[in-house]
Peer 1: 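Mind looking over this structure? Questions follow.
A note on names: the letters A, B, ... follow the listed sequences, proteins ahead of strands, and every chain is numbered from 1.
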Amino acid sequence: MPDSPRSDASQPQARPQRPKAAKPRTAAAVTSATAAAAELHEPILSWYDANARVLPWREPDAGAWAVMVSEFMLQQTPVVRVLPVYAIWMDRWPTPKALAAEPPGEAVRAWGRLGYPRRALRLHAAARAITDNHGGEVPNDHADLLALPGVGTYTAAAIASFAFGQRHAVVDTNVRRVFARALGGDAQPSISPTAADLRRAEQAMPLDAATAAKWAVATMELGALICTARTPKCGHCPIVERCAWTLAGRPAYDGPPRKGQTYDGTDRQARGRLLAVLRDSAGPVGKARLDRAWPDVAQRERALDGLVADGLVEPLARSRFRLPI
DNA sequence: CAACCGTGGTA
DNA sequence: TTACCAAGGTT
């Protein structure tokens, strides 16, 4: 069932071949990296048992759809803001079929102010794909998951791991940061995910599928609660004694500057304002209403065109607009 | 592959 | 107050 490469140190010859020509690595180096990571397993798994947050999508009876919905909502959005929207969403659409039966605009409306509303559109499209191609059941195969709209490397691995107990490297920003510090000795991970991040996570995984699945959620939780980006709570960290960054004296971040994302006055903000008008209106809206939502004409038109092109807004006759049906 | 895509909380 | 950050994906 698990389709991730196995790293069986007892059989160096059987090292998984990597089609994309990674740097050649000796069996000894692989064994060494795996062994170092293995010492982190017990402390992190025990810490998770004692400190995991109670979240609705982690309940034993939550199901794969619950996991999938939560993963979409949690893409770039904090847990506390997801919780209320998630509850309403699951109450209204407890299955992929239920969501698939509604127009995409209803998904966009229910998405509320979670941000990145294209995620709502993609989740709706994924629900229809699941209904059409998978009998209404969230697929358990990694490749099938990856083929769904809005499901990338991380989300496919997360659903396969959290919902189906499979062995996959689940590499999000939390995990990248935990490993960058504990194994790499760096204050922060690289700006964007790298192949090295994935390789490191694969080597660090426990071999047993069930343990690997728990390891995946545990390392994420550690990054979310203890090994945080700004002021990590190293005093409460279960692996502080083995953390390469701590052992190095916690040197400051010295990499390239992180891209500061401004928001005020951007097209993104303009799109958000326009879409908010449509979300808050039961039916179609006249152009004049949208004109009032953003002062700059050129930017407003560009934003509206973009929303229409993305399928988030549907143009009607006589300069009227609505959420897509 | 760099740029784009929302929103709100916090140090 | 400004800047950074939050369970990424797509083009």
Peer 1: Can you give one letter per nucleotide of nucleotides 6-11 of chain B, going 5' to 3': B for a protein heavy atom under 4.0 Å from the base, S for sugar-phosphate only, - for none?
Peer 2: BBSBBS
Peer 1: Roughly how many Å is it from CD1 in I191(A) to C1' in dA3(B), rounded to a whole number?
Peer 2: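 Nearest whole value for this atom pair: 14 Å.
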Peer 1: Hydrophobic clustering (ILVMFWY, side-chain heavy atoms < 4.5 Å, transitive) - are L121(A) and V69(A) grouped together?
Peer 2: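 No, it is not one cluster - the side chains of V69(A) and L121(A) are not joined through contacts under 4.5 Å.
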Peer 1: Taking for each residue the nucleotide of DNA chain C bearing the nearest heavy atom, is the 5' side occupied by N174(A) or by V151(A)?
Peer 2: N174(A)
Peer 1: So where does chain A start and stop touching DNA chain C, 5' to 3', when the test is distance under 4.0 Å to a non-hydrogen atom?
Peer 2: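 Going 5' to 3' along DNA chain C, contacts run dC4(C) to dT10(C).
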Peer 1: For residues D197(A) and T194(A), is any side-chain donor paired with an opposing acceptor at under 3.5 Å?
Peer 2: yes
Peer 1: Using atom C1' of each nucleotide, how far apart are dC5(B) and dT2(C) to the nearest Å?
Peer 2: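 22 Å, rounded to whole Å.
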Peer 1: Taking E221(A) first and then R58(A), would you say they form a salt bridge - that is, a charged N and a carboxylate O separated by under 4.0 Å?
Peer 2: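 A salt bridge is present here (some side-chain N lies under 4.0 Å from a carboxylate O).
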Peer 1: Base, sugar-phosphate, or nothing: which does W57(A) touch, judged by heavy atoms less than 4.0 Å apart?
Peer 2: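 Answer is base: heavy atoms of W57(A) come under 4.0 Å of a base.
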Peer 1: Using the C1' atom on both, measure dG8(B) against dT1(C) and round to a whole Å.
Peer 2: 16 Å
Peer 1: Same cluster for W111(A) and L275(A) if Ile/Leu/Val/Met/Phe/Trp/Tyr side chains link at under 4.5 Å?
Peer 2: no
Peer 1: Using the C1' atom in both, what is the distance from dT11(C) to dC1(B), to the nearest Å?
Peer 2: 10 Å
Peer 1: Indicate yes or no for a side-chain donor-acceptor contact from H168(A) to the backbone of A213(A) under 3.5 Å, with no hydrogens or angles considered.
Peer 2: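 No, H168(A) side chain to A213(A) backbone: no donor-acceptor pair under 3.5 Å.
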Peer 1: Between Y154(A) and E71(A), does any side-chain donor sit less than 3.5 Å from a side-chain acceptor?
Peer 2: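 A donor-acceptor contact under 3.5 Å links the two side chains.
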Peer 1: Pick base, sugar-phosphate or nothing for R176(A), based on heavy-atom distances below 4.0 Å to the nucleic acid.
Peer 2: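 Touches nothing.
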Peer 1: Assess whether a salt bridge exists between R109(A) and E106(A), defined as any Lys/Arg side-chain N lying under 4.0 Å from an Asp/Glu carboxylate O.
Peer 2: yes
Peer 1: Y86(A): what forms a ring-ring contact (aromatic ring centres under 6.0 Å, His included) with it, not counting sequence neighbours?
Peer 2: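 Residues passing ring-ring contact (aromatic ring centres under 6.0 Å, His included) with Y86(A): W57(A).
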Peer 1: Is it true that the side chains of R176(A) and S190(A) contain a donor and an acceptor less than 3.5 Å apart?
Peer 2: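 S190(A) and R176(A) do have a side-chain donor-acceptor pair below 3.5 Å.
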Peer 1: Contact class for T228(A) vs. all strands (heavy atom < 4.0 Å): base, sugar-phosphate, or nothing?
Peer 2: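 The residue T228(A) makes no contact with any strand.
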Peer 1: Between dA3(B) and dA7(C), how many Å separate the two C1' atoms, rounded to a whole number?
Peer 2: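 So the two C1' atoms sit 22 Å from each other.
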Peer 1: Report which part of the nucleic acid A158(A) touches: base, sugar-phosphate, or nothing (heavy-atom distance under 4.0 Å, all strands).
Peer 2: nothing
Peer 1: Which is true for S192(A) with a 4.0 Å heavy-atom rule: it touches a base, it touches only sugar-phosphate, or it touches nothing?
Peer 2: nothing
Peer 1: How many Å lie between CG on L123(A) and C1' on dC5(B), as a whole number?
Peer 2: 17 Å
